[in-house]
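Working notes, structure below.
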Amino acid sequence: MPRNWLLKSEPDVYSIHDLRRDGSTSWEGVRNYQARNFMRDDARPGDRVLYYHSNASPPGVAGLATVSREGYPDPSARDPRSDYFDPKASDEDPRWYMINVAFQEAFPALVSLDDLRAAPGLEKMLVINKSRLSVQPVTDEEYEIVVRMGRGERT
DNA sequence: GCCAACGTTGGC
DNA sequence: GCCAACGTTGGC
């Protein structure tokens, strides 16, 4: 059974439309231990992804993706020229991990954070309460509700 | 191992 | 651009 995740990206940096253009991408640059652990330990190919635009107006879920590669060391942590360079990362201890994600679909209209807050069944979504976590698990029920909202289906 | 200082995230 | 929330760092 695939798991469900919500991944945040700032659309000015890398939006769902960039992902559609590229087909897939490596999710580099996550520098938070809880988010890292989810990618390193739990994410598997075939897991389902809600693609969330943060720092946007409005913020919200912009589409769907899938995990296309399980967690592996994030090379940007070892690259001194990268914005994501971490001098404490090493070959023996990569410290930071990333996954690959593949484009699935862009919603016809954004499911805004306000929409999420207002939707029955989403009261416990982490994005509403633990808004800073950039990789977070989503329950099957939450996933289905958000997908229906994103596709404009009536419940 | 505590906790103050600091840096970052992200909604507004 | 502001700033509250919160994660991380480092001195003790």
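Convention: sequence-line order gives letters A, B, ...; per-chain numbering from 1. The figures that follow rest on heavy atoms only: side chains count, while hydrogens, waters and symmetry mates do not. Quick caveat: nothing in here was measured; it's all calculated off a predicted structure.
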How long is the line joining [atom1] of [X] and [atom2] of [N], in whole Å?
| X | N | atom1 | atom2 | result |
| --- | --- | --- | --- | --- |
| A:Tyr33 | C:dT8 | OH | P | 7 Å |
| A:Ile128 | B:dG10 | CD1 | P | 15 Å |
| A:Leu113 | B:dT9 | CG | C1' | 14 Å |
| A:Asn37 | C:dT8 | CG | C1' | 15 Å |
| A:Asn55 | B:dT8 | CG | C1' | 11 Å |
| A:Leu133 | B:dG10 | CG | C1' | 13 Å |
| A:Asn129 | B:dG11 | CG | P | 13 Å |

B:dG11 OP1/OP2 closer than 4.0 Å to side-chain N/O of A:Tyr52: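 So the side chain of A:Tyr52 is within the cut-off, an N or O lying under 4.0 Å from OP1 or OP2 of B:dG11.
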
Sugar-phosphate only, base, or nothing, as touched by A:Arg95 at under 4.0 Å among non-hydrogen atoms: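 Touches sugar-phosphate only.
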
Distance-only polar pair, side chains of A:Asp79 and A:Ser76, donor-acceptor under 3.5 Å: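 Note: A:Asp79 and A:Ser76 side chains miss the donor-acceptor criterion.
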
Distance-only donor-acceptor test, A:Arg132 side-chain atoms vs B:dT8 base atoms, 3.5 Å: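 A donor-acceptor contact between them is present.
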
Close aromatic pair by centroid cut-off 6.0 Å: A:Tyr72 and A:Trp96: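 Judged by ring-centre distance (under 6.0 Å), A:Tyr72 and A:Trp96 do not meet the cut-off.
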
